[in-house]
Amino acid sequence: MAEGFLHQPDRLMESFGGECFEELVSRSFFQYATNNKSRYSMHDLINDLARTVAGEFFFMLDANDQDGAIGQKFHHLSIIREYYGAHKKFKALQRARRLRTFLATSVNQLNYWDRFYVSNKVLIELLPQMKFLRVLSLANYKITESLLLSGCRLLSSLPNTIVKLINLRHLDISDTPKLKKMPSGLGRLTDLRTLSRVIIGGSGEFRLSDLKDLVHLRGLLSIEGLHNVKDVLHAKERTYN
């Protein structure tokens, strides 16, 4: 989806992408992992073919590689997570200014207590320079200034500028007990498929009528702050649309 490969008129991209993946599984492009049927692996021969096709635009940096191997032409990069000392590897990303994909991965399956650490300098200074990023995963890194919103129990507000992310499709703010208000204008994010909770507020905050254009929402949605609805017409407006 992020790379723009899923285009079919009148089809939900998530559904179409799921069908494409199942087709690849049926053709043995991907295989079920031997120890976990919810995970998949790629046969070594297919992996070698994919690396050959990707050529000079793809690179996987493991613990034995030199950081200097990262070139300016790389579009897709993955690194092997390390518990500490990752800043040097991230620093090397400055040479790959046209990165579209950056994935932090692990060699072995992680335990629930595994946590990796990354410097705030990486988040604040380096990542904003990656203007072409479309796919970013920093899962399992201990990040104290939120990138991942689900489970951010100290998150107290969303920036007003979040309404500029007009192509955003999934906004999961579940398990965020200190989040008590949401900015107005979220109703303009009409591509949203996931919005786990909304908080109805007062003037300048999210209103019930802001839901009327979010016609693609699916899954569970918790609506809080209904006591702040001052006009029953706001509820009717959503119902009739």
Side-chain angles (χ1 to χ4, degrees), residues 1-23 38 100-102 123-124 127-128 130-139 143-241:
M1 282 174 54
E3 292 290 345
F5 295 144
L6 299 178
H7 289 293
Q8 193 171 70
D10 303 321
R11 292 292 306 279
L12 188 65
M13 277 197 285
E14 288 86 349
S15 299
F16 182 43
E19 293 177 11
C20 291
F21 185 81
E22 292 300 326
E23 177 72 14
S38 67
R100 296 186 178 185
T101 305
F102 177 69
L123 305 176
I124 297 172
L127 288 183
M130 305 287 104
K131 303 296 185 181
F132 297 92
L133 269 184
R134 298 181 178 183
V135 181
L136 170 67
S137 175
L138 295 174
I143 298 172
T144 56
E145 297 185 6
S146 285
L147 277 180
L148 307 174
L149 301 183
S150 176
C152 289
R153 302 187 64 82
L154 298 181
L155 180 69
S156 59
S157 64
L158 297 173
N160 291 330
T161 51
I162 197 173
V163 301
K164 295 182 179 180
L165 302 177
I166 58 175
N167 294 318
L168 189 67
R169 298 173 75 89
H170 303 281
L171 178 59
D172 187 354
I173 50 175
S174 58
D175 193 21
T176 52
K178 291 195 174 184
L179 184 63
K180 301 299 183 183
K181 62 180 182 179
M182 298 175 67
S184 63
L186 281 180
R188 297 199 295 270
L189 305 183
T190 55
D191 275 342
L192 279 178
R193 267 60 175 175
T194 301
L195 182 60
S196 51
R197 60 190 288 237
V198 295
I199 305 167
I200 310 303
S203 177
E205 297 178 16
F206 192 88
R207 301 177 303 172
L208 185 62
S209 58
D210 289 334
L211 286 172
K212 71 178 187 299
D213 293 322
L214 304 182
V215 297
H216 299 297
L217 288 181
R218 56 183 186 169
L220 297 177
L221 171 64
S222 170
I223 302 178
E224 305 169 23
L226 287 173
H227 60 280
N228 290 319
V229 178
K230 303 300 182 182
D231 191 338
V232 69
L233 291 178
H234 290 171
K236 291 183 176 180
E237 187 177 0
R238 172 56 184 150
T239 302
Y240 294 148
N241 282 275

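FYI, side chains are in, hydrogens and waters are out, and symmetry mates aren't considered; it's all heavy atoms of this structure.
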J.: Can you tell me if Asn228 uses its side chain to pair, donor with acceptor, with the backbone of Ile200 under 3.5 Å?
T.: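 Flag set: sc Asn228 to bb Ile200 pair under 3.5 Å.
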
J.: Side chains of Leu149 and Leu179: does their closest heavy-atom pair fall under 4.5 Å?
T.: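 Not in contact.
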
J.: Quick check against the 3.5 Å criterion: does Ser196 have a side-chain atom that pairs as donor or acceptor with the backbone of Ile173?
T.: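 Yes, Ser196 side chain to Ile173 backbone: donor-acceptor pair under 3.5 Å.
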
J.: Do NZ/NE/NH1/NH2 and the carboxylate oxygens of Glu224 and Lys180 come within less than 4.0 Å?
T.: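 No, Glu224 and Lys180 are not salt-bridged.
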
J.: I'd like to know whether Thr190 forms a side chain to side chain contact (heavy atoms under 4.5 Å, CB included) with Val215, so could you lay out the CA-CA distance, the side-chain angles of the two residues, the decisive distance to 0.1 Å, and finally the verdict.
T.: CA-CA 7 Å; Thr190 55; Val215 297; over 6 Å; no

J.: Output a table of donor-acceptor pairs, distance under 3.5 Å, between side-chain atoms of residues 2-13 and any protein atom two or more places apart or on a different chain; print 'none' if there are none.
T.:
{"unit_1": "Glu3", "atom_1": "OE2", "unit_2": "Thr101", "atom_2": "OG1", "d": "2.9"}
{"unit_1": "His7", "atom_1": "NE2", "unit_2": "Gly4", "atom_2": "O", "d": "3.0"}
{"unit_1": "Gln8", "atom_1": "OE1", "unit_2": "Arg11", "atom_2": "NH1", "d": "2.8"}
{"unit_1": "Arg11", "atom_1": "NH2", "unit_2": "Glu19", "atom_2": "OE1", "d": "3.1"}
{"unit_1": "Arg11", "atom_1": "NH2", "unit_2": "Glu19", "atom_2": "OE2", "d": "2.8"}

J.: With side chains defined as the heavy atoms from C-beta onward, is the minimum distance between Val198 and Met182 less than 4.5 Å?
T.: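 When only atoms from C-beta onward are counted, Met182 and Val198 do touch, with a gap below 4.5 Å.
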
J.: How many angstroms lie between CG in Leu189 and CD1 in Ile162, if you round to the nearest 0.5 Å?
T.: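 Separation between the atoms: 7.0 Å.
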
J.: Checking salt bridge (Lys or Arg N to Asp or Glu O under 4.0 Å) for the pair Asp213/Arg188: CA distance, chi angles, key distance, verdict?
T.: CA-CA 7 Å; Asp213 293 322; Arg188 297 199 295 270; over 6 Å; no

J.: Tell me if a side-chain donor or acceptor on Arg207 pairs with a main-chain N or O of Glu205 at a distance below 3.5 Å.
T.: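 No, the answer is negative, given that no donor and acceptor are paired below the 3.5 Å cut-off.
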
J.: To the nearest 0.5 Å, what is the distance between CZ on Phe21 and CD on Glu23?
T.: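 The distance works out to 12.0 Å.
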
J.: Using every non-hydrogen atom in the two residues, find where Leu133 and Leu136 come nearest and quote the distance to one decimal.
T.: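 Nearest pair, atom of Leu133 first, then Leu136: CD1-CD1, 4.4 Å.
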
J.: Side chain to side chain contact (heavy atoms under 4.5 Å, CB included) for Asp191 and Arg193? Distances and angles first, verdict last.
T.: CA-CA 6 Å; Asp191 275 342; Arg193 267 60 175 175; 3.8 Å; yes

J.: Yes or no on side chain to side chain contact (heavy atoms under 4.5 Å, CB included) for Arg100 and Met130, after CA distance, side-chain angles and deciding distance?
T.: CA-CA 8 Å; Arg100 296 186 178 185; Met130 305 287 104; over 6 Å; no

J.: Would a distance-only check, ignoring hydrogens and angles, find a side-chain to backbone donor-acceptor pair under 3.5 Å from Arg197 to Thr176?
T.: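 Indeed, once roles are kept as given, a pair shorter than 3.5 Å links the two residues.
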
J.: Quiz question: by atom type and distance under 3.5 Å, do the side chains of His216 and Glu14 form a donor-acceptor pair?
T.: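 Result is no, nothing qualifies.
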
J.: Could you grab the distance from atom CG of Leu221 to atom OG1 of Thr194, nearest 0.5 Å is fine?
T.: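 Output value for this atom pair is 10.5 Å.
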
J.: Output the distance between atom CG (Leu186) and atom CG (Leu192), rounded to the nearest 0.5 Å.
T.: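 Going from the CG atom of Leu186 to the CG atom of Leu192 covers 7.5 Å.
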
J.: What's the verdict on side chain to side chain contact (heavy atoms under 4.5 Å, CB included) for Ile199 and Ile223, showing C-alpha distance, side-chain angles and the deciding distance?
T.: CA-CA 6 Å; Ile199 305 167; Ile223 302 178; over 6 Å; no

J.: So how far is it from Leu195 CG to Arg169 CZ, rounded to the nearest 0.5 Å?
T.: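 With rounding to 0.5 Å, CG (Leu195) is 14.5 Å from CZ (Arg169).
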
J.: Take atom CG of Leu220 as the centre, draw a 6.0 Å sphere, and report whether it contains more than 12 heavy atoms from other residues, nucleotides or ligands.
T.: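 No.
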
J.: Would you say the side chain of Asn160 lies within less than 4.5 Å of the side chain of Val163, judging by non-hydrogen atoms?
T.: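 Not touching, per the 4.5 Å side-chain cut-off.
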
J.: Can you confirm whether Val135 sits close enough to Phe102 that some side-chain heavy atom of one is under 4.5 Å from a side-chain heavy atom of the other?
T.: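 Contact flag for Val135/Phe102 side chains = no.
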
J.: For a quick test of reading the model, state the closest non-hydrogen atom pair linking Leu158 to Pro183 and the distance between them.
T.: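 Heavy atoms only, the tightest pair is CB-CD, 3.9 Å.
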
J.: Between atom CG of Leu155 and atom OG of Ser150, what is the distance when rounded to the nearest 0.5 Å?
T.: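 Nearest 0.5 Å value for the CG-OG distance: 10.5 Å.
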
